[in-house]
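Structure record follows, encoded as structure tokens.
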Amino acid sequence: MVQGLSLNTLTTSRNGAFCGSMPSWRKHFKLMRKTQLSSVIERHGIWHLCHQGLVLRGNPNMLKQRNMRVEAGWLFKRGDQGLNASSEQSETANEDILIFFFQLDLATRVQYALNTEQYDIAQQLRNKLTEVEAEVIRQQEAKRGSSPKSEAQDKAISIIRLRADLQKAIESENYALAAKLRDAISELEAESLAASAKALAHENANYSFRLGQRVRHKIFGYWAVVCGMDPVCCESSSWMETAQVEKLHRGSNQPFYQVLVDVHADPNLLVAYVSEENLLAPDEPDVDRFDHPYISFLFYGMDAAGDFIPIKQLREKYNRPRHEIPFDPLDEGHGSDA
């Protein structure tokens, strides 16, 4: 188990100011309570991350100064199911991204300490990084549960055992027990079918969208950038109830995406968790400006098609290949003529 994290340590700036004093950021960092940061050098990276988010979230006047037009009409636009965009807001996805930042920051500091021959500090930081990575794995397992394939196999084994018990009950003419066993088998068969469908979705996950791709919400109309993905919905049952996932055509057994919402639409929504069926890719390349406090940490920049190029660590996190824009010889020809 990883030791408790001090929010004061995490969010203290170089000048001693607390960006964590804002309730929203204290909530976002609650999952980081598992580790303890003690040195000044470790605090600087977290302060920088925190400060970047607060620039947009905590200073609405700055948005006006930058001539950012907030297109808030979609916030009040409701779909056929009576939902609004905030119903898909995900604190779990936001915390997952912030912990990813924390891992990147620790890894960077390990390398810096090695480069400057501070080997004792490097070892301490490496130990912290190992603890954080172990805690991330534990939280992911707690959130997503056991492997869908293992779950389906366990239920299949349980059904075989119950059928053997049923046969014995019939042979001994214990019909009351036999009736109970039949009911239990029917219930397990239904659960096994659901588990098998979930396992199949995990094994054959075919994502329509990729990391860094610019997408538009089919119902609420805002622009967003994909920064994470799951083969099925991994949110809590309460979140799924609020988002009315059961009313989706493909239900919860379809890919769901973590998306960064353009602050031009709403600077407070930040991260949403959206089903594949509710996202659309633009028909034409869109290179219009896209602003979000997390963009510069997760992506190298924008490509020629208007999508964003994910950093290597983000691709590794989701085991996604590098995307290459198709080569168009006509574009090269036009460039040489110019």
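Looking only at atom types and distance, the side chain of N94 has a donor-acceptor partner in the side chain of Y294 under 3.5 Å away. Defined by atom type and a distance below 3.5 Å, a donor-acceptor pair is present between the side-chain atoms of Q123 and N127. S236 and S238 are linked by a side-chain donor-acceptor pair at a separation below 3.5 angstrom, with hydrogens and angles left out of the test. Between the side chains of D230 and Y273, a donor-acceptor pair is found at a separation under 3.5 Å. Side-chain contact of Q111 with N115: a donor-acceptor pair under 3.5 Å is present, judged by distance alone.
G212 and F299 get closest at one heavy-atom pair: CA-CE2, 3.4 Å. Across all their heavy atoms, I159 and S192 have their closest contact at CD1-CB, 4.0 Å. Taking each heavy atom of F256 and V232 in turn, the nearest pair found is CD1-C, 4.2 Å. Smallest separation of non-hydrogen atoms from A93 and V271: CB-CG1, 3.7 Å. Of all heavy-atom pairs between M240 and S252, the closest is SD-CB, 4.2 Å. When all heavy atoms are compared, the tightest approach of L188 to S158 is CD1-CB, 3.7 Å.
Separating the CZ atom in R109 from the NZ atom in K128 is a distance of 12.5 Å, to the nearest 0.5 Å. Rounding to the nearest 0.5 Å places CG of L260 at 8.5 Å from CG of L270. Taking CD from E246 and CD from E241, the interatomic distance works out to 7.5 Å, rounded to the nearest 0.5 Å. Separating the OG atom in S90 from the CD atom in E235 is a distance of 3.5 Å, to the nearest 0.5 Å. A distance of 10.5 Å separates CD in Q118 from CD in Q124, rounded to the nearest 0.5 Å. Expressed to the nearest 0.5 Å, how far OG of S275 lies from CG of N253 amounts to 12.5 Å.
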Run the numbers on L248 and E276 for side-chain contact (heavy atoms from CB on, under 4.5 Å), then give the verdict. CA-CA 10 Å; L248 295 171; E276 188 169 84; over 6 Å; no

Apply the test side-chain contact (heavy atoms from CB on, under 4.5 Å) to residues Q89 and W239: give CA-CA distance (whole Å), side-chain angles for both, the deciding distance (0.1 Å), then the verdict. CA-CA 9 Å; Q89 186 174 20; W239 184 93; 6.0 Å; no

For the pair V132 and L106, evaluate side-chain contact (heavy atoms from CB on, under 4.5 Å) and give the outcome as yes or no after the intermediate values. CA-CA 9 Å; V132 171; L106 278 176; 4.0 Å; yes

Evaluation steps, side-chain contact (heavy atoms from CB on, under 4.5 Å), between L298 and F100: CA-CA 9 Å; L298 296 174; F100 180 63; 3.7 Å; yes

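Using a 4.5 Å heavy-atom cutoff, the side chains of R210 and R320 are not in contact. By the 4.5 Å heavy-atom criterion applied to side chains, D291 and H264 are counted as neighbours. Side-chain contact check for D303 versus F308: every heavy-atom pair is 4.5 Å or farther apart. Looking only at side-chain heavy atoms (C-beta outward), Q258 and I97 come within less than 4.5 Å of each other. Residues Y207 and M229 form a side-chain contact, since some pair of their non-hydrogen atoms from C-beta on lies under 4.5 Å apart. Looking at heavy atoms from C-beta onward, Q103 lies out of side-chain contact with Q313 at the 4.5 angstrom threshold. Residues Y112 and L125 fail the side-chain proximity criterion, which asks for heavy atoms closer than 4.5 Å. Counting heavy atoms from C-beta on, the side chains of Y222 and L269 come closer than 4.5 Å.
Between F101 and F297, the ring-plane angle classifies as tilted under the 30° and 60° cut-offs. Taking the six-membered ring where the residue is Trp, F290 and H292 present parallel rings, their angle staying beneath 30° rather than reaching 60°.
One finds no salt bridge joining R216 and D262 here, because no Lys/Arg side-chain nitrogen approaches an Asp/Glu carboxylate oxygen to under 4.0 Å. Using a 4.0 Å cut-off between charged nitrogen and carboxylate oxygen, D165 and R163 do not count as a salt-bridge pair.
By the neighbour-count criterion of 12 heavy atoms within 6.0 Å, atom CD of E284 is sparsely surrounded, having that number or fewer from other residues, nucleotides or ligands.
With W223 contributing its side chain and H217 its backbone, the two residues share no donor-acceptor pair below 3.5 Å. Between the side chain of E88 and the backbone N or O of V274 there is no donor-acceptor pair closer than 3.5 Å. Between the side chain of D307 and the backbone N or O of R214, at least one donor-acceptor pair lies under 3.5 Å. Between the side chain of E133 and the backbone N or O of T130 there is no donor-acceptor pair closer than 3.5 Å.
Neither L162 nor I157 shares a network with the other; the hydrophobic side chains, linked directly or stepwise wherever heavy atoms of I, L, V, M, F, W or Y lie under 4.5 Å apart, form separate groups for each. Both I121 and Y119 belong to a single network of hydrophobic side chains, linked directly or stepwise wherever heavy atoms of I, L, V, M, F, W or Y lie under 4.5 Å apart. One hydrophobic cluster holds both I309 and V287 under the rule that ILVMFWY side chains link at heavy-atom gaps under 4.5 Å. Cluster membership for V225 and L280, using ILVMFWY side-chain heavy atoms within less than 4.5 angstrom, is not shared.
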For a quick test of your reading: what N or O donor-acceptor pairs under 3.5 Å do the side chains of residues 172-181 make, sequence neighbours left out?
unit_1	atom_1	unit_2	atom_2	d
S172	OG	K168	O	3.0
S172	OG	A169	O	3.1
N174	OD1	L177	N	3.3

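When the options R250, Q254, H249, K218 are evaluated for a side-chain hydrogen bond (donor to acceptor under 3.5 Å, both in side chains) with E277, the one that passes is Q254.
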